[in-house]
Participant: 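Can you read through this structure? Questions will come right after.
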Protein chains: 2
Amino acid sequence: MTSALKARMERRVTVIKALAHPSRLAMAEALQQGEMCVCDLRELVGADLSTVSKHLTVMRDAGLLMMEKRGLNVYYRLKCPCLMSFFECVDSLAAQPTKRAKRNVGAPASK
Amino acid sequence: MTSALKARMERRVTVIKALAHPSRLAMAEALQQGEMCVCDLRELVGADLSTVSKHLTVMRDAGLLMMEKRGLNVYYRLKCPCLMSFFECVDSLAAQPTKRAKRNVGAPASK
DNA sequence: ACTTTACTTGGCCATTTCGCCAAATAAACT
DNA sequence: AGTTTATTTGGCGAAATGGCCAAGTAAAGT
C-alpha cells in the first residue's frame, strides 16, 4: 500500500471508527433531527455520563459533530447531513443475513 | 436505549466495523473496480497473507463481500455498489481538519 | 463566597482487535 | 501418491477500545 493511499485510508477510518459503536451510532442518528444536549443523549443511550461524554469526544475529534456551550448545557449537532444516505446503505447490508454464523458463540440472550 | 434500537444499531455496527480499518477500506475501494483474488489484494495492502485473509473474513461475515473459489484462487467481490456514495460522505468529513489534535501523539512518520 | 447542575478528564481494568507465525486444507500438476 | 500453489485457521502477545468511578472545571443560582 503506497503511503498516499494509506494516509487517505487512515483519514477515512477515523471517521468510520467514530460511528462504529452502538451508542455513537444511535446518537448520530438522533442528531439528524437537530441538536441535543449531553444529558438528552445520555438518556437516549442509557450509559454513564462520562461514557457518553467520551463517545461524543470521539465523534467530535473525527469531525462528525460540532459542540456549543449555552449556559450549563453543551449542545451537539451533526456537521454533515450526508449520514442519512450512508445509513441507508449500511442498513441494506445489515438487513441481509450474514453468510457465516459466528463460531463458538451461543446466542447472547442476556446482554 | 430500547432493546429494539440497540439491536438495530448493533447490526449497523457490524457492517461499519468491517470497514473501520485502513487495509479493509483499501480493499473495499479496490473491489469497486471488480473482483480480485486474495493474492492481488495482498499485494495491494502489503500485509501477511494470513492477515489479509482474516480481514476478508471480517468483511464477508459482515455481508460486504462475496467469495468464489475458482481453481486455486479465491475471488472476492463487493455485494453492494452503494459504498461509493458512502465513501464520498466519509471523505467530505475526512477532508476537514479535525477540531482537536490528538493529545500526546506525535506524527507517526514511520509505520 | 458557597452550592448546584452539567459536563469533561484521568485512571484503571476487562474485552476486543491486530498481526505475525506455524500448521491445516484444498485444488492442480507430475 | 507426492508436490506445489493459494488460501484459511489456530494461537499468542501487543496494542487499542470501552466502561465505570472519582476528581476536576465551569456557568448559574443563593
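Each chain gets a letter, A, B and so on, in the order the sequences are listed, and its residues count up from 1. These numbers were taken from a predicted model, which means no experiment stands behind them.
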Participant: Please check if the side chain of B/R8 supplies one atom and the backbone of B/S3 the other of a donor-acceptor pair under 3.5 Å.
Facilitator: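 No, B/R8 side chain to B/S3 backbone: no donor-acceptor pair under 3.5 Å.
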
Participant: When rounded to the nearest 0.5 angstrom, what distance separates CE in A/M1 from CG in B/L25?
Facilitator: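 A/M1 atom CE to B/L25 atom CG measures 9.0 Å (nearest 0.5 Å).
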
Participant: To the nearest 0.5 Å, what is the distance between CE on B/M36 and CG on B/L78?
Facilitator: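 Here the interatomic distance stands at 11.0 Å.
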
Participant: Grab the CE-C1' distance between B/M9 and D/dG18 for me, whole Å please.
Facilitator: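 Nearest whole value for this atom pair: 19 Å.
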
Participant: Against the six-membered ring of B/Y76, is B/R60 placed for a cation-pi contact (under 6.0 Å from the centre, within 45° of the normal)?
Facilitator: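 Here B/R60 fails the 6.0 Å and 45° test against B/Y76.
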
Participant: Taking atom CE of B/M27 and atom CD of B/E29, what is their separation to the nearest 0.5 Å?
Facilitator: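 Here the interatomic distance stands at 12.5 Å.
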
Participant: What's the CD1-C1' distance between B/I16 and C/dT16, to the nearest Å?
Facilitator: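 Computing the B/I16:CD1 to C/dT16:C1' distance gives 17 Å.
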
Participant: I'd like to know if B/R12 and B/E10 make a salt bridge, using a cut-off of under 4.0 Å between side-chain N and carboxylate O.
Facilitator: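 Salt bridge between B/R12 and B/E10, a charged N being under 4.0 Å from a carboxylate O: no.
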
Participant: Figure out the CD/P separation between B/E68 and C/dA26, and round it to whole Å.
Facilitator: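 From B/E68 CD to C/dA26 P: 18 Å.
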
Participant: Between C/dT16 atom P and A/H21 atom NE2, what is the distance in whole Å?
Facilitator: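 Interatomic distance, NE2 of A/H21 to P of C/dT16: 12 Å.
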
Participant: Tell me which residues in residues 29-40 of chain A put a heavy atom below 4.0 Å from DNA chain C, sorted by number, or none.
Facilitator: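 Going residue by residue through residues 29-40 of chain A, the ones with a heavy atom under 4.0 Å of DNA chain C turn out to be A/C37, A/V38, A/C39.
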
Participant: Could you identify which residues of residues 70-78 of chain B place a heavy atom less than 4.0 Å from some atom of DNA chain D, listed by residue number, or say none?
Facilitator: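 Hits under 4.0 Å, by residue number: B/L72, B/N73, B/V74, B/Y76.
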
Participant: Could you give the CD-to-C1' distance, from A/E43 to C/dC7, as a whole number of Å?
Facilitator: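 It is 16 Å, rounded to the nearest whole Å.
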
Participant: Any non-hydrogen side-chain atom of A/L19 less than 4.5 Å from a side-chain atom of B/V13?
Facilitator: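 No, side chains not in contact.
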
Participant: Go through residues 44-56 of chain A and report each residue with a non-hydrogen atom lying under 4.0 Å from DNA chain D, sorted by number.
Facilitator: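 Output list: A/D48, A/S50, A/T51, A/K54, A/H55.
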
Participant: Can you tell me the distance, in whole Å, between the NZ atom of B/K6 and the C1' atom of D/dG18?
Facilitator: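 Computing the B/K6:NZ to D/dG18:C1' distance gives 13 Å.
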
Participant: To the nearest 0.5 Å, tell me how far A/K54 NZ sits from A/S23 OG.
Facilitator: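 Separation between the atoms: 14.0 Å.
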
Participant: Can you spot which of B/T57, B/V52, B/T51 makes a side-chain contact (heavy atoms from CB on, under 4.5 Å) with B/H55?
Facilitator: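 The passing option is B/T51.
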
Participant: Select base, sugar-phosphate, or nothing to describe what A/R42 touches, counting heavy atoms under 4.0 Å on all strands.
Facilitator: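 Result for A/R42 = nothing.
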
Participant: Over how many whole Å does the gap from A/K69 atom NZ to D/dA28 atom C1' extend?
Facilitator: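 Atom NZ in A/K69 sits about 10 Å away from atom C1' in D/dA28.
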
Participant: Going from CZ on B/R77 to CG on B/L64, what distance comes out if it is rounded to the nearest 0.5 angstrom?
Facilitator: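 Output value for this atom pair is 14.0 Å.
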
Participant: So, taking the atom named NZ in B/K17 and the one named CG in B/D61, what distance separates them when rounded to the nearest 0.5 Å?
Facilitator: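 The NZ atom of B/K17 sits 13.5 Å away from the CG atom of B/D61.
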
Participant: How many whole angstroms separate atom CG of A/L19 from atom P of D/dT17?
Facilitator: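 That distance rounds to 14 Å.
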
Participant: Check whether any side-chain N or O of B/K17 sits under 4.0 Å from OP1 or OP2 of C/dT17, and answer yes or no.
Facilitator: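 Answer yes for this pair, as a side-chain N or O of B/K17 is under 4.0 Å from OP1 or OP2.
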
